[in-house]
Amino acid sequence: MGELNKKTKKAIKEKKKWNERIEVSRHIAEINDELYYYVLYLNLFGIPQGAVAVRNDGDMPGRDIAKKVVFKVSSYNNIMRFAGQSKDGMKDIVKRPIKTMKTVENQVKEYFGEVIPVEHPLHKELTLLIDLCKTMQENQPKFVQLFKEICSIAESQNIKKILTAETFDRTHEIFIEWHVLLYKEQRMQLLNFYDIPLIKQHVDKSNIGKKLNKTLENMHTEKRRKSFVNFLEGVIEKEVGDISNLSYSSEDVESFRQLKIEEGYQMFESNLAPQIRN
């Protein structure tokens, strides 16, 4: 708390219990043109036990302002942790070998034809597989751009420290859009996973179908299935909503978007808001 003035330090310490340590976020929230510190009170194990928002002149705002401060700064911190984590974060998606999906698309078209007729017995399954390949190829530059933007925001924020409404709103938008893109892909991939055995029945294992058959085998592993299922079962908290019946249609993807937005507010109200001591 070295940079804080005496009044601010005193206000923070007055809300502290004897067995807690204080952690002041390095990001300062700007609310209605005023600056507020977000403070956590941690137990000996580093687990948050309480939180407060304190204006930079040491005044303690009311609960409504405090909730805005805590929500914005804690959400920003969580999003940046997600962006930076080495596993199951943004980096994994940015680095994935997306050219593989172009190979799959080419192999399918080479074997079944450029256009799958409506009367083809596998029209639905092959159309989904081709659409999946195209969707992932179209999404990849979007993922890369979103990741670059959030890295740029993080670098800038680490220098200026003040978290403006514009910075927070854009960071939150990136986080939501990232999950929306990924949700559609994962839903399509899981549906395609269950189609693969049927598609394989129509692929000759020798000659021209040999490469496609091998590709389909690589796409149909238990590890991949578990990955899709784990994402879809965990991407929205159960108490917020059930997405098991959502498809990858535009309407259902938009429903997912709204649930993901609602999840942030609902989880805050359930988990963090009760700890605010303002």
Locate the shortest heavy-atom distance separating Asn278 from Val52; write the atom from each residue and the value. OD1-CA, 3.2 Å
I want to check something: taking the side chain as every heavy atom from C-beta on, are Ile28 and Asn56 in contact at a cut-off of under 4.5 Å? no
Please determine whether the number of non-hydrogen atoms from other residues, nucleotides or ligands lying under 6.0 Å from atom NZ of Lys7 exceeds 12. yes
Is the closest side-chain heavy-atom distance between Glu30 and Thr167 below 4.5 Å? no
Identify the heavy atoms of Arg257 and Ile176 that sit nearest to each other, and give their distance. CG-CG2, 3.8 Å
Please check if any side-chain donor atom of Gln266 sits under 3.5 Å from a side-chain acceptor atom of Glu237, or the reverse. no
Stepwise, does the side chain to side chain contact (heavy atoms under 4.5 Å, CB included) test hold for Leu181 with Leu146? CA-CA 11 Å; Leu181 293 173; Leu146 290 173; 4.1 Å; yes
Are Glu155 and Ile159 side-chain neighbours, meaning at least one heavy-atom pair lies under 4.5 Å? no
Quick check against the 3.5 Å criterion: does Asn43 have a side-chain atom that pairs as donor or acceptor with the backbone of Phe45? yes
For Lys161, does the NZ atom have more than 12 heavy-atom neighbours from other residues, nucleotides or ligands under 6.0 Å away? yes
Does a sphere of radius 6.0 Å around NZ in Lys109 hold more than 12 heavy atoms from other residues, nucleotides or ligands, not counting ones at 6.0 Å or beyond? yes
Charged N to carboxylate O below 4.0 Å: is that the case for Glu233 and Lys238? no
So do the side chains of Ile79 and Ile150 get within less than 4.5 Å of each other, counting heavy atoms only? yes
Give a yes or no on whether the backbone of Ile208 and the side-chain of Lys211 come within a donor-acceptor separation of less than 3.5 Å. no
Can you say whether the rings of Phe168 and Phe71 are parallel (under 30°), tilted (30 to 60°) or perpendicular (over 60°)? perpendicular
Quick one: do Val203 and Val104 end up in the same hydrophobic cluster if we chain Ile, Leu, Val, Met, Phe, Trp and Tyr together by side-chain heavy atoms under 4.5 Å apart? yes
Counting C-beta onward and ignoring hydrogens, is there a side-chain heavy-atom pair between Ile243 and Arg187 closer than 4.5 Å? yes
Side-chain heavy atoms of Phe112 within contact of His120, under 4.5 Å: yes
In the single-linkage hydrophobic clustering (I, L, V, M, F, W, Y; side-chain heavy atoms under 4.5 Å), do Tyr194 and Leu198 co-cluster? no
So, Gln137 side chain and Cys133 main chain: donor-acceptor pair closer than 3.5 Å or not? yes
Shared hydrophobic cluster for Leu4 and Tyr36 (ILVMFWY, side-chain gaps under 4.5 Å): no
Following the transitive rule for hydrophobic clusters with a side-chain heavy-atom cut-off under 4.5 Å over Ile, Leu, Val, Met, Phe, Trp and Tyr, establish whether Phe231 and Phe82 coincide in one cluster. yes
Would you call Glu185 and Lys142 a salt bridge, taking side-chain N to carboxylate O under 4.0 Å as the test? no
Return the OG1 to CD1 distance between Thr164 and Ile31, rounded to the nearest 0.5 Å. 10.0 Å
Can a donor-acceptor pair be found, under 3.5 Å and without considering hydrogens, that links the side chain of Ser227 to the backbone of Lys223? no
When you look at His179 and Phe175, which way does the side chain to side chain contact (heavy atoms under 4.5 Å, CB included) test go after all the steps? CA-CA 7 Å; His179 283 84; Phe175 178 76; 3.2 Å; yes
Verify the neighbour count for atom CG of Asp64: are there more than 12 heavy atoms of other residues, nucleotides or ligands below 6.0 Å? no
To the nearest 0.5 Å, tell me how far Gln157 CD sits from Arg26 CZ. 9.0 Å
Can you get from Ile93 to Val253 by hopping between Ile, Leu, Val, Met, Phe, Trp and Tyr side chains that sit under 4.5 Å apart? yes
Flag if over 12 foreign heavy atoms under 6.0 Å of NZ, Lys10: no
For the residue pair Val235 and Lys260, establish whether any side-chain heavy-atom pair is separated by less than 4.5 Å. yes
Would you mind checking if Glu149 and Arg170 are paired as a salt bridge, meaning a charged N to carboxylate O distance below 4.0 Å? yes
Side-chain contact test, heavy atoms from C-beta onward, threshold under 4.5 Å: evaluate it for Tyr41 versus Lys15 and give yes or no. yes
With distance as the sole test, does Asp252 use its side chain to make a donor-acceptor pair with the main-chain N or O of Tyr248 at under 3.5 Å? no
Looking only at heavy atoms, which two atoms of Gly58 and Ala11 are closest? And how far apart? O-CB, 3.5 Å
Which label fits His220 and Phe193: parallel for a plane angle under 30°, tilted from 30 to 60°, or perpendicular past 60°? parallel
Carefully, step by step, assess Lys72 and His172 under the rule side chain to side chain contact (heavy atoms under 4.5 Å, CB included). CA-CA 9 Å; Lys72 287 189 174 183; His172 188 251; over 6 Å; no
Where do Val94 and Phe143 come nearest, in terms of heavy atoms and distance? CG2-O, 4.2 Å
Results of side-chain contact (heavy atoms from CB on, under 4.5 Å) for Glu251 - residues two or more places apart only: Ser249
Can you list the residues that meet the salt bridge (charged side-chain N to carboxylate O under 4.0 Å, His left out) rule with Lys134, with sequence neighbours excluded? none
First locate atom CG of Leu42, then atom CD1 of Ile47, and finally report the distance between them rounded to the nearest 0.5 Å. 9.5 Å
Reported CD-to-CG distance for the pair Glu269 and Asn271, which is rounded to 0.5 angstrom: 10.5 Å
Working to the nearest 0.5 Å, report the span between CG of Leu212 and CD of Glu217. 10.5 Å
For Tyr111 and Asp204: C-alpha separation, side-chain torsions, deciding distance, then whether side chain to side chain contact (heavy atoms under 4.5 Å, CB included) applies. CA-CA 9 Å; Tyr111 191 85; Asp204 185 359; 3.4 Å; yes
Which heavy atom of Ser247 sits nearest a heavy atom of Tyr183, and at what distance? O-OH, 2.8 Å
What's the separation between atom CG in Asn192 and atom CG in Leu129, rounded to the nearest 0.5 Å? 5.0 Å
For Asn213 and Lys200, the nearest pair of non-hydrogen atoms, with its separation, is OD1-CE, 3.6 Å
Sidechain-backbone polar pair: Gln85 side chain, Lys91 backbone, donor-acceptor under 3.5 Å: no
Has the side chain of Arg224 got a donor or acceptor atom that lies under 3.5 Å from a matching backbone atom of Gln189? no
